[in-house]
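Heavy atoms only: backbone and side chains are in, while hydrogens, waters and symmetry mates are out. This one's a predicted model, so the numbers in the text were calculated from it and none came from an experiment. In each ligand, atom 1 is the first atom listed, and ligand 1 is the first ligand listed.
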Amino acid sequence: MNKFTILVVEDDAPVRNLITTTLKSHDYKFITASDGGAAVAEASSHNPDIILLDLGLPDMDGVEVIRKIRTWSSMPIIVISARSEDGDKIEALDAGADDYLTKPFSVEEMLARLRVAQRRLSAAYPAANDSVFCNGKLKIDFASGCAFIGDEELHVTPIEYKILCLLAKNVGKVLTHTYITQNVWGSSWENDIASLRVFMATLRKKLEAAPDSPQYIQTHIGVGYRMMKVE
Ligand code: CA
């Protein structure tokens, strides 16, 4: 039996059934909610490990559900949005969602996102307060401000180092352009987003063995970046 419990928030019954049938066949435990009010109530009373959250709900916006849950919990939230809700998707990530699925999605894709969230749960939390972060060959010593790949020190600029640390501290989580630029530059002008792309390209050249098929930093076009957990 999979030890993770998933809260499925979806008002569309056929989609909800597809999700719960898939979860059941992969030994997940689950609870369901068909509106935002029930979602917040179930999240607080059953303390699920991960939430799959549809953004278009009958009683309130899914983003509002995220804001409410984030006042007391950092549990991973994966949003499910229709294409027409793309702006909402970014707003949801900025509000504290971890990841997203765009409708229509495949069940394999959903299971893969759940595994990412599970790895974040089992790997990221203990590392968050440690003074040394390790992920695959990447090592960041926060105390000395140095990063390494294997035994080789990475010669990164102060901005690249800030971006790297921000991604590392949120390993497994999609960070939006706005979130990153606000944390690195303290603002999020278009110029900063353009600069971010440039810094990300140079950072990747230093970090990745093959920058064209990155192992550590994944690009989410039009959304942001995520550091993957590397075995
Ligand atoms: Ca819906």
J.: Less than 4.5 Å apart, any side-chain heavy atom of Val116 and any of Lys229?
T.: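 No. Closest side-chain heavy atoms not under 4.5 Å.
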
J.: For the Ca ion (ligand 1), find the closest N/O/S atom belonging to Asp11 and write down its atom name.
T.: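 Nearest N/O/S atom: OD1.
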
J.: Is Lys162 close enough and on-axis enough to Phe199, meaning under 6.0 Å and within 45°, for cation-pi?
T.: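 Lys162 over Phe199 ring: no.
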
J.: Is there a donor-acceptor pair closer than 3.5 Å between any side-chain N or O of Glu64 and the backbone N or O of Asp61?
T.: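 The answer is no, because no donor-acceptor pair under 3.5 Å joins these two groups.
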
J.: When you measure from the Ca ion (ligand 1) to the N, O or S atoms of Ala82, does any of those distances fall below 3.0 Å?
T.: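 Short answer: no, not a single N, O or S atom is under the cut-off.
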
J.: Are any non-hydrogen side-chain atoms of Asn135 and Met228 less than 4.5 angstrom apart?
T.: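 The answer is no, as the side chains (C-beta and beyond) never meet within the 4.5 Å cut-off.
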
J.: Looking at Asp54, pick out the N, O or S atom nearest to the Ca ion (ligand 1) and give its name.
T.: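 In Asp54, the heteroatom (N, O or S) nearest the Ca ion (ligand 1) is OD2.
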
